[in-house]
Amino acid sequence: MKKTKKIIALVLAVCMLMVSYSTVAFAGETDTGIDYTIIDPYEDVNWLTYKQYRADLHNHTTASDGTDTLKDMLEQQYEYGFDIAAVTDHGVVDYGWTRQSVIPAMEIFIDLFKGRAGDIVPLESKGGEAANGNTYSLETKKGGSYYTQTTSSGIKLHSMLRVPYGIENNPSSLNNAHVNSWFVDYGHGLLGGTSDYETPIKNVHEMGGLSVINHPGEYTGARDEDSTEDAYNESKGMYGYYIDKFASLLINYDSCIGIDINSKGDGRTRYDRKLWDILLQRVTPTGRNVLAIATSDAHSTDAVFTGYTEMVMPANTVDNLRECMEKGAFFACSKNLGNPVEIAEIANYLTESIDPTAVKLGEQLKAMQAEDATAKYEAPKDVEAPRVTAIAVDQSSDTITLVTAGAKNIRWIANGKTIATGNSIDLDDHKRELGNYVRAEIFGEGGIVYTQAFMLDYEGVAESDGEKFTDLGFLASMIPDTLVKLLGGLSIFDTIYGWIS
């Protein structure tokens, strides 16, 4: 009976896909008798009626250490077709695009060590003119604030939603223990946070907001490793501590949705997909997922549209956005790929393809690495990244099938290793390779797309060991954080900032 259902499911999948990309899988066992329950983060998506909305959840302006104004940053995002934008300056809550605050102590620090960033230029409350000659307007509707441009001929273009209360917390952190949060008014002017992730995550959680751990490779030092093998190797250095710390935070605070796995050109995050897989193995046995985001973390307009997310929603509203972020009904996307091992693996699969354009792209990747083994792939911004247009999960046949556009290679990953390639995976073929999850990475000329993990439940699956983690890292940060908070609160900084501004 199960074999018959499997044949029917596969036939339906082939009919549904109607694409030339052929399914390839590694040899494995079939008809295992295991009854897999696939927990699909996209389960509630109606692929016929929902749309995908391009979002960037992490950006900076001259209100902290950005080099471009709020007006310039928003105009650049709008030019690239973003539907959703979050302004997340260091220690500065986004209270609206027509007004910006600054933290005098932070501004003085930036002036001394990074040079004067520039003037604060928010949007005009009654609208104004964009650099491209279009007029812009701001409108409050459906519980949110939207930015829209109108051409000189009177054509109204798309609307871009503001994510409420965006901020990057721990602004004076010396080792980038940064946490982004949204939807609640927390963190404005709060200095400190040398390695203290828990304070902002806990407070945002209790206030009802959402947060994410930003570019962890910078905090852990993994970005400085020479190889994927060394990065997050628990037998080396402090990586065991960092992994325990992140896993504990994610388990204890479900409002911390996950981690940033690819941002700002993927230099510092190139090993953070490995961390993601490690955390998935540690956290999913407790019953919760670890979601992945990608962002530009743009400090200038040049960096806009490097990393972003595609939110799958019925309409572009604040309520839908929040629900989408909580459920994981979105894709992390990037124009950049900086991990040499990942690039080499993708190149090998591409050159074995029956698609001539895929083979050509694979040869280009191999030639790039032959010239420079550390080179990263940078997709053209004018070429659309691959897109997942539908997902079919068949619980009876234990299959997951993606319908894609622009994909040249799809890899299915479990426990940090590629176990299959192609549009569809049959879990029964991979009994020995599966753990608590499987996820897909879709590569094309225009970039790379990461699905969220599909958690798996079945007889014999690993269960949580219930270990407790006590983080004593606060002892190392107590003295510098206390000094920063005391000094930053002195009124002298307000006076000095008044002189230099």
Side-chain angles (χ1 to χ4, degrees), residues 52-90 92 94 97 114 117-118 147 158 160-163 166-169 171 176 178-182 210-219 223 257-270 272-273 276 291-311 321 325 330-339 376-387 446-450:
Q52 294 189 35
Y53 298 93
R54 181 177 296 167
D56 197 342
L57 299 173
H58 189 168
N59 294 280
H60 296 276
T61 75
T62 48
S64 62
D65 59 345
T67 60
D68 291 292
T69 67
L70 172 66
K71 181 176 184 293
D72 290 339
M73 291 295 289
L74 293 176
E75 288 180 2
Q76 185 64 78
Q77 289 173 315
Y78 195 84
E79 287 289 324
Y80 281 125
F82 279 89
D83 303 291
I84 302 165
V87 177
T88 54
D89 279 309
H90 296 274
V92 180
D94 174 14
W97 289 346
K114 295 189 176 183
Y147 170 95
H158 74 282
M160 185 167 69
L161 174 66
R162 167 184 163 262
V163 185
I167 184 175
E168 186 165 31
N169 294 285
N176 301 287
H178 290 162
V179 173
N180 262 22
S181 64
W182 313 270
L210 299 181
S211 65
V212 75
I213 295 169
N214 291 341
H215 43 75
E218 196 157 29
Y219 168 72
R223 67 172 184 174
I257 61 175
I259 68 170
D260 175 7
I261 56 138
N262 190 321
S263 67
K264 193 191 275 187
D266 197 35
R268 60 194 172 166
T269 53
R270 63 188 178 277
D272 286 344
R273 273 82 69 189
W276 183 26
L291 304 179
I293 72 166
T295 71
S296 69
D297 188 6
H299 288 67
S300 69
T301 55
D302 292 339
V304 172
F305 198 31
T306 51
Y308 58 100
T309 55
E310 290 284 355
M311 302 295 181
L321 174 63
M325 292 172 66
F330 60 90
F331 304 98
C333 314
S334 180
K335 289 288 185 178
N336 302 276
L337 191 61
N339 186 308
K376 67 180 179 181
Y377 179 70
E378 297 186 15
K381 289 188 176 181
D382 60 350
V383 177
E384 284 293 317
R387 178 165 289 218
I448 188 164
V449 173
Y450 307 87

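These values consider heavy atoms only, across backbone and side chains, with no hydrogens, waters or symmetry-generated copies.
In this structure T301 satisfies the side chain to side chain donor-acceptor pair (under 3.5 Å) test with no other residue, sequence neighbours excluded. With sequence neighbours excluded, the residues satisfying side chain to side chain donor-acceptor pair (under 3.5 Å) with D266 are T269, R273. Listed by chain and number, the residues in a side chain to side chain donor-acceptor pair (under 3.5 Å) with K376 amount to none (sequence neighbours excluded). Partners of S334 by side chain to side chain donor-acceptor pair (under 3.5 Å), not counting sequence neighbours, listed by chain and number: N262.
Residues T69 and T61 come closest through the heavy atom pair C-CB, 4.2 Å. Annotation for A294 and A332: closest pair N-CB, 3.7 Å, computed over non-hydrogen atoms. Nearest heavy-atom pair, S181 versus N169, reported as atom, atom and distance to 0.1 Å: OG-ND2, 3.1 Å. The two residues K335 and G446 have their closest heavy-atom pair at NZ-O, 3.0 Å. The minimum heavy-atom distance between I257 and I293, with the atom names listed, is CD1-CG2, 4.3 Å. G258 approaches V212 most closely through the heavy-atom pair O-CG2, 3.1 Å.
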*Run the side chain to side chain contact (heavy atoms under 4.5 Å, CB included) check on Y147 and E75 step by step: do they pass?*
CA-CA 10 Å; Y147 170 95; E75 288 180 2; 3.6 Å; yes

_Would L321 and I84 count as a side chain to side chain contact (heavy atoms under 4.5 Å, CB included) here? Give the steps._
CA-CA 9 Å; L321 174 63; I84 302 165; 3.9 Å; yes

_Test side chain to side chain contact (heavy atoms under 4.5 Å, CB included) applied to F82 and L74, step by step_ = CA-CA 9 Å; F82 279 89; L74 293 176; over 6 Å; no

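To the nearest 0.5 Å, atoms OG1 (T88) and CG (D94) are separated by 9.0 Å. To the nearest 0.5 angstrom, I167 atom CD1 is 12.0 Å from S211 atom OG. Atom OG in S296 sits 10.5 Å away from atom CD in Q76 (nearest 0.5 Å). If you take OH on Y219 and CD1 on I213, they are separated by 10.0 Å, rounding to the nearest 0.5 Å. Distance check, rounded to the nearest 0.5 Å: CG of D260 to CG of D272 gives 7.5 Å. Between atom CD1 of residue I261 and atom OH of residue Y450 there is a gap of 5.0 Å, rounded to the nearest 0.5 Å.
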Per-pair distances, 0.1 Å, donor-acceptor, side chain in residues 302-311, under 3.5 Å, sequence neighbours excluded:
{"residue": "T306", "atom": "OG1", "partner": "A303", "partner atom": "O", "Å": "3.0"}
{"residue": "T309", "atom": "OG1", "partner": "A55", "partner atom": "O", "Å": "3.4"}
{"residue": "E310", "atom": "OE2", "partner": "R387", "partner atom": "NH2", "Å": "3.2"}

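The stretch residues 76-89 participates, sequence neighbours left out, in no salt bridge (charged side-chain N to carboxylate O under 4.0 Å, His left out) pair at all.
Looking only at distances, no side-chain donor or acceptor of R223 sits under 3.5 Å from a matching main-chain atom of H215. Panel note: side chain N180, backbone L57; a donor-acceptor pair is recorded below 3.5 Å. Between the side chain of T67 and the backbone N or O of H299 there is at least one donor-acceptor pair closer than 3.5 Å. In this structure a side-chain-to-backbone donor-acceptor pair under 3.5 Å is present from N339 to R270.
Side-chain contact check for E218 and H178: no donor-acceptor pair (N or O, by modelled atom type) lies under 3.5 Å. A side-chain N or O of H58 and one of D297 form a donor-acceptor pair less than 3.5 Å apart.
Aromatic rings of H158 and Y78 (six-membered ring for Trp) have centroids within the 6.0 Å cut-off, being under it.
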